[in-house]
A.B. asks: 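Structure below; questions to follow.
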Amino acid sequence: MTRDFKLIFSISLMLLLLLLDCCYGGKVGVCYGRSADDLPTPAKVVQLIKQHNIDYVRIYDYNSQVLKAFGNTSIELMIGVPNSDLNAFSQSQSTVNTWLKNSVLPYYPTTKITYITVGAESTDDPHINASSFVVPAMQNVLTALRKVGLSRRIKVSTTLSLGILSRSFPPSAGAFNSSYAYFLRPMLEFLAENKSPFMIDLYPYYAYRDSPNNVSLDYVLFESSSEVIDPNTGLLYKNMFDAQVDALYYALMALNFRTIKIMVTETGWPTKGSPKEKAAASPDNAETYNSNIIRHVVTNQGTPAKPGEAMNVYIFSLFNENRKTGLESERNWGLFYPDQTSVYQLDFTGKSNAFHSNSSGTNSSGNSNSWCIASSKASERDLKGALDWACGPGNVDCTAIQPSQPCFQPDTLVSHASFVFNSYFQQNRATDVACSFGGAGVKVNKDPSYDKCIYITAGGNKTKATNATALTSSASTSCGNKLLRWIFKLCLMISLSFSLQTMISQEL
């Protein structure tokens with residue numbers, strides 16, 4: 001091949017590699033907040049995270065025990081510089097250099113740190129002068145990373161709330177609040193220059209909670225059958241999350257920042273609230289919202305203004321945090337209780353969330369299965385006695401709760417007893433008597449299965465497997481169709497290149 005043709009072929013190959021990369025969906029992570037006095041140790045938390053196939057985690061500081069716990073795992077970690085450190089970080093490069101040397105580098109790369117957030121929702125903090133502190137602190141952190149050759153491996157940004165916008169509807173009219181202009185432009189220039197993401201915390205929950213008569217619950221839960229039209233673009237929106245993201249994209253474009261990607265560093269739904277929040281905050285709504293947002297991200301749906309564009313999203317939060325102040329909901333955003341049991345079932349791969357439970361406890365296929373789990377009111381003594389009996393005289397195969405087996409984690413008495421109780425319950429025709437265990441068992445209508453730990457039912461578990469397959473197939477088909485179209489274009493380009501090369505050779 002001639003030099004010119006090698007160049008054409010190389011460009012074509014690069015285009016193909018870019019295409020293959022675009023077929024991967026967005027990433028879903030979780031926020032690991034620690035404003036509580038009853039949480040498991042960081043080491044146990046890491047085991048819980050791994051058990052639930054969570055590969056991306058955000059923390060809000062740089063706690064040494066936490067950083068050490070994430071060492072030698074494949075989990076990508078986003079660490080944070082708290083607002084209380086912004087003043088010092090903005091004033092002194094040597095302070096930041098020392099911080100990086102003493103608080104971050106000892107754990108890197110054993111701990112896979114990929115992002116540093118400098119400040120969190122600083123524009124909402126009355127004690128922080130965002131325009132004076134945040135961008136200089138970001139610049140100093142970047143400079144410190146450059147000195148040790150890590151500026152391309154660890155990205156620097158800051159997180160903001162939707163309050164940064166003065167207008168969010170219709171999405172095409174999205175605009176930043178002019179009072180933040182002096183802070184925003186240098187921050188956006190920093191992000192664009194360093195290819196860092198615009199990090200935003202989005203909560204459609206608050207829109208519904210504060211205005212339930214004007215905002216549809218189905219619209220914020222990704223369950224709406226109707227659509228909201230943007231009169232300026234004609235784009236149709238079936239959920240508020242997409243509308244809020246697109247409002248940010250349009251606000252960025254209005255300032256001529258078209259290359260900055262958006263990363264949602266917090267979103268979620270509380271399971272419990274104060275009296276004014278009871279209509280919104282519930283386990284069912286939380287499970288529906290988070291299941292739908294995960295599936296929305298991993299299937300690479302994008303938004304109406306950015307269809308098919310991958311987006312990274314972090315679910316808030318890993319645990320309920322009892323030290324948080326404010327309304328009751330502030331302490332009840334967790335996916336897990338401090339004892340590591342699930343508040344509700346959630347699959348971070350997005351493959352097992354293809355159906356939702358309705359009020360009667362049946363799944364979308366119409367099957368009415370029930371399960372038996374350990375009662376939260378049972379004493380440890382009663383649970384242990386019932387567990388020992390089931391694994392002995394009860395003839396239950398308890399292999400699955402042994403170390404290295406699919407139901408060993410979380411390694412708690414309640415979790416192990418729940419799996420064994422259900423096995424006995426189903427083996428004995430799922431009768432009420434088979435779930436008594438002296439009052440230690442309780443029947444539920446929601447599938448307690450998680451990850452590879454499958455709770456059997458008398459009717460089998462085909463629905464979940466079938467829906468997961470259908471979901472995966474849908475995503476694969478979408479990617480496959482896109483891939484085929486571009487391969488055809490690539491082959492056409494190569495063919496034309498050959499023809500052109502032949503014509504040039506003949507003329508010469």
A.B. asks: Any idea which heavy atoms bring R185 and F257 closest together, and the distance?
C.D. replies: NH1-CE1, 3.8 Å

A.B. asks: So, for P406 and C453, which heavy atoms are closest and what is the spacing to 0.1 Å?
C.D. replies: O-CB, 3.6 Å

A.B. asks: Which heavy-atom pair separates S224 from K238 by the least distance, and what is that distance?
C.D. replies: O-CE, 3.4 Å

A.B. asks: M311 and side chain to side chain contact (heavy atoms under 4.5 Å, CB included): which partner among V28, D242, V264?
C.D. replies: V264

A.B. asks: Under 30°, 30 to 60°, or over 60°: which ring-plane class applies to H296 and F241, parallel, tilted or perpendicular?
C.D. replies: perpendicular

A.B. asks: I would like to know whether D230 and S172 meet side chain to side chain donor-acceptor pair (under 3.5 Å); could you show each step before the answer?
C.D. replies: CA-CA 7 Å; D230 185 321; S172 59; 2.8 Å; yes

A.B. asks: Can D85 and Y62 be counted as having a side-chain donor-acceptor contact under 3.5 angstrom?
C.D. replies: yes

A.B. asks: Say you draw a straight line from CG of L252 to CD1 of I260; how long is it, rounded to the nearest 0.5 Å?
C.D. replies: 5.5 Å

A.B. asks: Report yes if some heavy atom in the side chain of F348 is under 4.5 Å from a heavy atom in the side chain of I315; otherwise report no.
C.D. replies: yes

A.B. asks: Of K112, R153, K155, R58, which is the lone residue that meets salt bridge (charged side-chain N to carboxylate O under 4.0 Å, His left out) with E76?
C.D. replies: K112

A.B. asks: Hydrogens and angles aside, do Y344 and N290 bring a side-chain donor and acceptor to less than 3.5 Å of each other?
C.D. replies: yes

A.B. asks: Quick check against the 3.5 Å criterion: does S157 have a side-chain atom that pairs as donor or acceptor with the backbone of P197?
C.D. replies: yes

A.B. asks: Name the one of N292, N239, N285 that satisfies side-chain hydrogen bond (donor to acceptor under 3.5 Å, both in side chains) with E223?
C.D. replies: N292

A.B. asks: Just by distance, no angles: are the side chains of S282 and D284 close enough, under 3.5 Å, to form a donor-acceptor pair?
C.D. replies: no

A.B. asks: Would you indicate whether the side-chain heavy atoms of R331 and E321 approach each other to under 4.5 Å?
C.D. replies: no

A.B. asks: Under the criterion side chain to side chain contact (heavy atoms under 4.5 Å, CB included), which of T117, T143, L191, L86 is the partner of M138?
C.D. replies: L191

A.B. asks: Taking side chain as C-beta onward, heavy atoms only, is L165 less than 4.5 Å from N177?
C.D. replies: no

A.B. asks: Taking W269 for the side chain and A280 for the main chain, is one N or O donor matched with an acceptor at less than 3.5 Å?
C.D. replies: yes

A.B. asks: Side chains of V104 and I113: does their closest heavy-atom pair fall under 4.5 Å?
C.D. replies: yes

A.B. asks: Going by atom types alone, do S122 and N83 pair a side-chain donor with an acceptor below 3.5 Å?
C.D. replies: no

A.B. asks: Test your reading of the model: is there a side-chain donor-acceptor pair from N322 to the backbone of D37, 3.5 Å cut-off?
C.D. replies: yes

A.B. asks: Under a 3.5 Å threshold, yes or no: a donor from one side chain and an acceptor from the other, between N72 and T110?
C.D. replies: no

A.B. asks: To the nearest 0.5 angstrom, please state how far the OG1 atom of T233 sits from the OH atom of Y237.
C.D. replies: 5.5 Å

A.B. asks: Judged by modelled atom types alone, do D246 and T303 share a side-chain donor-acceptor pair under 3.5 Å?
C.D. replies: yes

A.B. asks: Taking the basic N atoms (NZ, or NE/NH1/NH2) and the acidic carboxylate oxygens, is any pair closer than 4.0 Å for E277 and K272?
C.D. replies: no

A.B. asks: Of the non-hydrogen atoms in I262 and V245, which two are nearest, and what is the gap between them?
C.D. replies: CD1-O, 3.7 Å

A.B. asks: Should the pair K306 and Y249 be classed as cation-pi, given the thresholds of under 6.0 Å to the six-membered ring centre and 45° from the axis?
C.D. replies: yes

A.B. asks: For the CG atom of D447 and the CG atom of N422, what is their distance to the nearest 0.5 Å?
C.D. replies: 8.5 Å

A.B. asks: Where do S415 and F408 land on the side-chain contact (heavy atoms from CB on, under 4.5 Å) test, with the steps shown first?
C.D. replies: CA-CA 8 Å; S415 179; F408 177 72; over 6 Å; no

A.B. asks: Looking at S418 and I373, what are the two nearest heavy atoms and their distance?
C.D. replies: OG-CB, 3.6 Å

A.B. asks: Could you give me the CA-CA distance, side-chain angles and deciding distance for V156 and L145, then say whether side-chain contact (heavy atoms from CB on, under 4.5 Å) is met?
C.D. replies: CA-CA 9 Å; V156 178; L145 288 170; 3.5 Å; yes

A.B. asks: With rounding to the nearest 0.5 Å, note down the distance linking CG in D339 to OG in S376.
C.D. replies: 9.5 Å

A.B. asks: Quick one: does I154's side chain get under 4.5 Å of T114's, heavy atoms only?
C.D. replies: no

A.B. asks: Ignoring hydrogens and angles, tell me if any N or O in the side chain of R209 forms a donor-acceptor pair with the backbone of S211 under 3.5 Å.
C.D. replies: no

A.B. asks: With side chains defined as the heavy atoms from C-beta onward, is the minimum distance between F319 and D38 less than 4.5 Å?
C.D. replies: no

A.B. asks: For the pair F198 and F176, name the ring-plane relationship: parallel under 30°, tilted 30 to 60°, perpendicular over 60°.
C.D. replies: tilted

A.B. asks: Would you check if there is a donor-acceptor pair between the side chains of T271 and N332 at a distance under 3.5 Å?
C.D. replies: no

A.B. asks: Under 3.5 Å, is there a donor on one side chain and an acceptor on the other for D218 and S216?
C.D. replies: no

A.B. asks: Distance from L255 atom CG to Y250 atom OH, nearest 0.5 Å?
C.D. replies: 15.0 Å

A.B. asks: Show the numbers, then the answer: is there a side-chain contact (heavy atoms from CB on, under 4.5 Å) between E266 and Y314?
C.D. replies: CA-CA 5 Å; E266 283 185 16; Y314 288 75; 6.0 Å; no

A.B. asks: Any side-chain heavy-atom pair from Y115 and M199 closer than 4.5 angstrom?
C.D. replies: yes

A.B. asks: Please report the shortest heavy-atom distance between P40 and Q340, naming the atom on each side.
C.D. replies: CG-CG, 3.8 Å

A.B. asks: Parallel under 30°, tilted from 30 to 60°, perpendicular over 60°: which one fits the rings of Y203 and W333?
C.D. replies: perpendicular

A.B. asks: Report the C-alpha separation of L160 and E121 in whole Å, then their side-chain angles, then the decisive distance to 0.1 Å, and conclude whether the side-chain contact (heavy atoms from CB on, under 4.5 Å) test is met.
C.D. replies: CA-CA 4 Å; L160 300 168; E121 298 187 2; 5.8 Å; no

A.B. asks: What's the separation between atom OG1 in T158 and atom CZ in F190, rounded to the nearest 0.5 Å?
C.D. replies: 10.0 Å

A.B. asks: Judged by modelled atom types alone, do N194 and S196 share a side-chain donor-acceptor pair under 3.5 Å?
C.D. replies: no

A.B. asks: Please determine whether the number of non-hydrogen atoms from other residues, nucleotides or ligands lying under 6.0 Å from atom NZ of K261 exceeds 12.
C.D. replies: no

A.B. asks: Using side-chain heavy atoms (C-beta onward) and a distance below 4.5 Å, is S291 in contact with L346?
C.D. replies: yes

A.B. asks: Would you confirm whether T111, through its side chain, and L67, through its main-chain N or O, come within 3.5 Å as a donor-acceptor pair?
C.D. replies: yes

A.B. asks: Hey, is R34 close enough to D61 for a salt bridge, meaning N to O under 4.0 Å?
C.D. replies: yes

A.B. asks: Angle class for the Y455/F419 ring planes (parallel below 30°, perpendicular above 60°, tilted otherwise)?
C.D. replies: perpendicular

A.B. asks: Side-chain donor-acceptor pair under 3.5 Å between T267 and Y289, yes or no?
C.D. replies: yes

